[in-house]
Number of protein chains: 2
Amino acid sequence: MSSVQVPRFRHEALGVTLQVRPNTLCSRLCVLAWRRPRDPFLGRWALPGGPVEAGETIEQCVRREVDTRLDLAVMAHMEQLATYSDPGRDPMQRTIGTAYLGLVPADVDACLPDEAAWLPVDALPAMAFDHAAMVADGVARMRAKLSYTNVAFALAPAEFTIATLRDLYSAALGYEVEATNLQRVLTRRGQLVATGERQRSGRTGGRPAAVYRFATRTLEVTDPFATLRPHG
Amino acid sequence: MSSVQVPRFRHEALGVTLQVRPNTLCSRLCVLAWRRPRDPFLGRWALPGGPVEAGETIEQCVRREVDTRLDLAVMAHMEQLATYSDPGRDPMQRTIGTAYLGLVPADVDACLPDEAAWLPVDALPAMAFDHAAMVADGVARMRAKLSYTNVAFALAPAEFTIATLRDLYSAALGYEVEATNLQRVLTRRGQLVATGERQRSGRTGGRPAAVYRFATRTLEVTDPFATLRPHG
DNA sequence: ACAAAAGTGTTTGCCGTACACCCATGG
DNA sequence: CCATGGGTGTACGGCAAACACTTTTGT
């Protein structure tokens with residue numbers, strides 16, 4: 001009973017790590033990347049990642065690569081995105097790659113090595129391999145989930161005001177969101193809990209804002225889109 | 001410049017192939033499986049699939065495995081589900097597996113080899129490896145997409161009556177759906193097109209049913225669940 | 001008193017459900 | 001003419017968007 005030889009592949013794990021980061025005036029949704037120190041694509045921006053080791057899952061590999069190599073151990077949410085298997089996606093050697101989406105709260109300011117940076121996703125430079133497609137997939141997934149789950153907990157600080165949350169949603173979604181309706185929708189879905197505290201008003205006056213927390217900080221589907229529900 | 005040796009993996013592609021099939025009285029949602037002819041899990045039910053070859057994508061591999069090995073070349077829709085990488089998922093050798101969801105129209109009756117069969121997903125027998133989880137993921141994905149896309153085109157015959165479609169949705173979703181509202185929802189979303197033809201009424205009488213087609217037979221999101229939409 | 005920012009009330013419109021009612025055919 | 005199944009009309013409830021209006025602060 002001889003078993004036929006089957007091909008074996010280099011398998012890499014990539015992290016699409018997103019964070020809403022302050023900018024001049026407004027905030028922007030950014031993705032963690034670093035400059036490649038070698039060919040192929042020397043000097044091009046690439047996602048952090050690396051080859052899967054023998055005894056680990058792909059998710060463990062992503063965590064290891066993103067956490068250690070970039071001094072960042074604060075992923076509030078992580079989920080698998082997709083696996084990319086085009087034979088030509090790595091010009092040097094056949095490599096299958098699995099991308100994970102990771103979200104980092106806005107108040108985390110990890111110190112990055114020199115070769116790493118946060119790139120704004122709406123003005124992304126040319127990227128190595130098929131990493132631009134992975135970023136696009138990750139952003140699309142996050143945006144969709146902002147609509148029907150509580151993922152925003154992974155982008156927000158532990159405590160926040162509605163105005164802060166409004167800016168966060170606007171940056172993450174890519175268009176302006178109204179604070180009024182945002183509060184109403186999230187309240188109706190039971191996502192928001194008032195801490196009872198109030199934030200001091202700024203130098204220009206104005207009513208002090210109430211401080212909120214997310215009710216739960218693990219992923220939940222708050223608005224199941226099931227049209228055609230079971231009746232009765 | 002010595003490159004460190006990285007581990008290489010056997011990579012397999014699995015197909016979660018779903019079809020709504022007639023049964024005594026009602027229809028049932030079924031998944032294509034076959035009995036394993038060897039260890040591990042000899043005799044257990046398993047999903048069709050096999051090792052990815054050197055020059056092909058994972059999707060090409062699934063199509064090849066499902067189409068040729070099971071005499072079935074009529075997948076109306078296919079999409080990637082997820083990649084499973086637990087080191088112990090294959091007790092014999094480390095294998096990473098990527099599952100694809102495939103949908104077959106209800107009027108297709110492919111002839112299966114003896115060792116293959118359609119298993120009802122709501123009474124699934126014990127399965128080999130982590131294939132039961134893959135089936136669960138595939139069914140969940142399909143059910144979600146029935147709500148906000150036109151995937152039903154991939155489960156339905158080219159032409160059908162509303163009553164037929166109602167049975168199809170009921171079997172696929174796992175609960176009863178009302179024909180009245182189904183028609184209204186799909187019509188409002190522009191998915192249904194009347195062919196103008198009518199079906200002869202049965203032996204018990206009754207008004208003859210109008211015959212419909214799906215407007216498009218490629219996947220489209222017909223009900224984007226974006227709450228917090230761009231305003232203006 | 002006035003400006004600024006936060007938060008609530010109210011209106012409007014859409015969508016999905018439920019259910020009553022009308023339509024067309026076989027017997 | 002009646003039973004059977006197909007299809008439409010209509011009312012209700014929930015949700016989200018828009019916007020006016022009140023509340024609470026700093027200057």
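All figures in this text were calculated on a predicted structure; none of them were measured in a lab. Naming: A, B, ... by sequence-line order, numbering from 1 per chain.
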Distance check needed: [N] [atom2] versus [X] [atom1], whole Å only.
{"X": "B:L192", "N": "D:dG6", "atom1": "CG", "atom2": "C1'", "result": "15 Å"}
{"X": "B:Y148", "N": "C:dG16", "atom1": "OH", "atom2": "C1'", "result": "19 Å"}
{"X": "A:E178", "N": "D:dC15", "atom1": "CD", "atom2": "C1'", "result": "16 Å"}
{"X": "B:F160", "N": "D:dG6", "atom1": "CZ", "atom2": "P", "result": "15 Å"}
{"X": "A:Q199", "N": "D:dT24", "atom1": "CD", "atom2": "C1'", "result": "15 Å"}
{"X": "A:R189", "N": "D:dC15", "atom1": "CZ", "atom2": "C1'", "result": "9 Å"}

Next item on the list: Looking at every strand, decide which applies to A:R188 at a 4.0 Å heavy-atom threshold: base, sugar-phosphate, or nothing.
Entry: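 Base contact - A:R188 has a heavy atom under 4.0 Å of at least one base atom.
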
Margin query: Under 4.0 Å, counting only non-hydrogen atoms across every strand here, what does A:R166 touch: a base, just sugar-phosphate, or nothing?
Written below: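 It contacts nothing in the nucleic acid.
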
Non-neighbouring partners of [X] that pass salt bridge (Lys or Arg N to Asp or Glu O under 4.0 Å), sequence neighbours left out:
{"X": "B:R198", "answer": "none"}
{"X": "A:R141", "answer": "A:E79"}
{"X": "A:E197", "answer": "none"}
{"X": "B:R188", "answer": "none"}

Next item on the list: Establish, with yes or no, whether the OP1 or OP2 oxygen of C:dG26 is under 4.0 angstrom from a side-chain nitrogen or oxygen of B:R200.
Entry: yes

Item checked: Which atom of A:F153 lies closest to which atom of A:A76, heavy atoms considered ->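 So the two residues come closest at CE1-O, 3.8 Å.
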
Check: For every nucleotide of nucleotides 4-10 of chain C, 5' to 3': is a protein heavy atom under 4.0 Å from its base (B), only from its sugar-phosphate (S), or from neither (-)?
Finding: BBBSBBB

Next item on the list: Report the residues that fulfil side-chain hydrogen bond (donor to acceptor under 3.5 Å, both in side chains) with A:N181, sequence neighbours left out, ordered by chain and then residue number.
Entry: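 Residues passing side-chain hydrogen bond (donor to acceptor under 3.5 Å, both in side chains) with A:N181: none at all.
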
